[in-house]
Amino acid sequence: MEPVSKKVFVKTYGCQMNAYDSERMRDVLAPLGYAETARAEDADLVILNTCHIREKAAEKVYSELGKMRRLKRLRSEQGGGMLIAVAGCVAQAEGEEIVRRAPAVDLVFGPQTYHRLPELLARHQADGKSLVETEFPAEDKFGGLAEKALPRKGVAAFLTVQEGCDKFCSFCVVPYTRGAEFSRPVAQIVAEAQKMAIQGIREITLLGQNVNAYSGLNERGQKAGLAGLVAELSLIEGIERLRYTTSHPRDMTEDLIAAHAENAKLMPYLHLPVQSGSDAILKAMNRGHTAEHYLRLIEKIRSFRNDIAMSGDFIVGFPGETEKDFEATLALVRDVSYASAFSFKYSPRPGTPAAEREGQVSETEKAARLAELQALINAQQAAFNRGMISRNLLVLLEKTGRHAGQLVGRSPYLQPVHLEAPAGLIGTTVDAHITGVGSNSLSGHYVQAH
Ligand code: SAH
Ligand code: SF4
Ligand code: F3S
């Protein structure tokens with residue numbers, strides 16, 4: 001047995017799936033005696049769980065590695081040791097290149113291999129050589145992880161149900177870094193959710209790069225879709241709220257849309273990225289749908305649940321995007337009216353088809369379009385939030401706030417809500433009367449327990 005005195009520092013970049021994976025790495029390392037530290041300088045093992053989605057995200061890793069290399073030298077001068085590991089999507093995409101650029105790195109492993117961390121650490125210990133592991137293994141990395149899981153803290157948590165992507169949008173690295181679509185079996189997910197409920201989790205957000213493409217085996221050996229999974233999970237006592245992210249418009253099935261009307265535990269918030277409002281650009285992006293299809297879809301979703309808060313992702317300055325194409329994106333945004341949305345300047349990614357295309361848009365043009373789009377989205381978000389004033393909302397209280405006596409929770413529409421209430425109410429849903437709006441949150445007062 002290893003001594004029970006080591007410390008691991010994990011820094012997470014990118015999406016919620018990486019956040020979930022980082023927690024699982026801690027679970028896998030705990031039996032080896034690794035406790036978590038928030039200070040890299042105290043760590044025996046530093047893990048950077050990285051993101052490759054845009055150039056900026058990937059480059060951040062190298063500046064961070066520079067810092068870690070200095071800490072490693074400092075520790076060795078003091079007679080200690082520090083292992084540096086790069087995990088996640090940059091690890092998967094760049095592999096050996098990372099060790100070439102940053103020789104202080106000891107371990108490089110992709111998002112599909114972290115369940116084998118104990119073995120990788122042992123192999124590295126045996127010969128001291130840098131190790132790069134970026135195969136997509138055939139086994140289910142989640143199988144057996146649940147038994148090792150440390151208790152979950154908090155009231156709301158993520159649960160990965162699906163991984164990978166077969167869509168190959170022409171701008172995106174995810175199909176290459178996360179591999180083909182894979183869905184966890186229903187029973188495995190239900191078991192994990194039951195455990196979470198016992199540990200006090202009240203809200204679960206189901207995660208997947210294409211979560212609504214979920215297609216996992218149920219106990220009868222049949223394929224269940226996301227609507228079926230949501231139905232199963234909503235039977236678990238203690239789980240009061242369910243959400244899912246991120247969805248693709250092509251996989252928004254009838255039964256999932258209907259679940260938003262029929263299942264009271266499924267929250268009225270939907271992150272449904274469209275990327276562009278121009279059909280020519282959507283085609284060049286290989287999205288497999290038109291702007292009209294997306295708008296009709298939202299109309300349908302709203303016919304089942306008219307208060308649903310819509311969210312999305314947008315890319316401006318995709319190769320070939322003209323002013324007219326961009327206008328079409330603004331028109332679509334005005335048509336949908338988003339409660340929130342994320343928007344990005346197109347970033348050419350090595351190995352993706354769009355990176356090689358002609359008609360790359362200038363940085364100045366991208367910046368101007370992004371500013372215009374974000375101004376519109378921010379105005380819509382502010383209007384959506386203002387619409388909550390004087391209403392009573394059900395708020396699931398998650399934690400104490402910054403001020404004494406203050407608690408913070410979330411509305412059904414995912415807005416953070418600040419209110420004064422006894423700390424004993426954390427983990428419960430209360431009725432709150434909304435009186436104020438901040439830049440990205442609401443405030444109100446406690447009315448009664450729900
Ligand atoms: N699976 C999800 C999201 C994947 S990545 C989906 O299909 O929508 C999250 C977001 O990053 C994308 O929705 C897209 O808006 C953005 N993104 C992906 N690749 C990008 C690139 N090369 N440049 C800029 N933004 C990008
Ligand atoms: Fe990337 Fe498209 Fe897959 Fe989303 S659907 S992860 S944007 S390839
Ligand atoms: Fe980034 Fe990988 Fe997630 S590239 S967005 S961490 S799937």
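Index from 1, following the sequence. Start at 1 and go down the list; that is how both ligands and their atoms are numbered.
- Between R178, H52, Q16, it is H52 that holds the heavy atom closest to atom 4 (S) of ligand 3.
- Within the listing of ligand 2, atoms 7 (S) sit less than 4.0 angstrom from a heavy atom of F171.
- For atom 3 (Fe) of ligand 2, the nearby protein N/O/S atoms, meaning those under 2.8 Å, are C165 SG.
- Only the side chain of F344 comes within 4.0 Å of ligand 1, counting heavy atoms alone; its backbone N, CA, C and O stay farther away.
- Residue contact check: C89 has heavy atoms under 4.0 Å from atoms 2 (Fe), 4 (S), 6 (S), 7 (S) of ligand 3.
- The nearest heavy-atom contact from the protein to atom 4 (Fe) of ligand 2 is R287 NH1, 4.4 Å.
- Residue R349 approaches ligand 1 through these ligand atoms, each under 4.0 Å from one of its heavy atoms: 22 (N).
- Numbered from 1 in the order shown, with element, the atoms of ligand 3 that lie under 4.0 Å from a heavy atom of Q209 read 7 (S).
- If you look at P273 next to ligand 1, the close heavy atoms, those under 4.0 Å, all belong to the side chain.
- With ligand atoms numbered from 1 in the order given, ligand 3 contributes 1 (Fe), 4 (S), 5 (S), 6 (S) to contacts under 4.0 Å with heavy atoms of C51.
- Judged as a salt bridge (Lys or Arg N to Asp or Glu O under 4.0 Å), and not counting sequence neighbours, the contacts of D307 are R305.
- Using a 4.5 Å cut-off on side-chain heavy atoms (C-beta onward), V174 and I53 make contact.
- Listed by atom number, the atoms of ligand 1 under 4.0 Å from K345 heavy atoms are 23 (N), 24 (C).
- Interface atoms of ligand 3 facing C15, defined by a heavy-atom separation under 4.0 Å, are 3 (Fe), 5 (S), 6 (S), 7 (S).
- Under 4.0 angstrom from ligand 1, the non-hydrogen atoms of T246 all belong to its side chain.
- Looking at N18, its side chain does come within 3.5 Å of a backbone N or O of T50 through a donor-acceptor pair.
- Inter-residue side-chain proximity for L45 and I84 is flagged as unmet; no heavy-atom pair is nearer than 4.5 Å.
- Residue M17 places every heavy atom at 4.0 Å or more from ligand 3.
- Atoms of ligand 1 lying under 4.0 Å from any heavy atom of R54, numbered from 1 in the order shown and given with element: 11 (O), 16 (C), 17 (N), 23 (N), 24 (C), 25 (N), 26 (C).
- Between R100 and E97, at least one side-chain N (NZ, or NE/NH1/NH2) sits under 4.0 Å from a carboxylate O, which counts as a salt bridge.
- Protein heavy atoms are found less than 4.0 angstrom from atom 16 (C) of ligand 1.
- Remark: ligand 3 atoms within the under-4.0 Å shell around heavy atoms of N18 are 6 (S).
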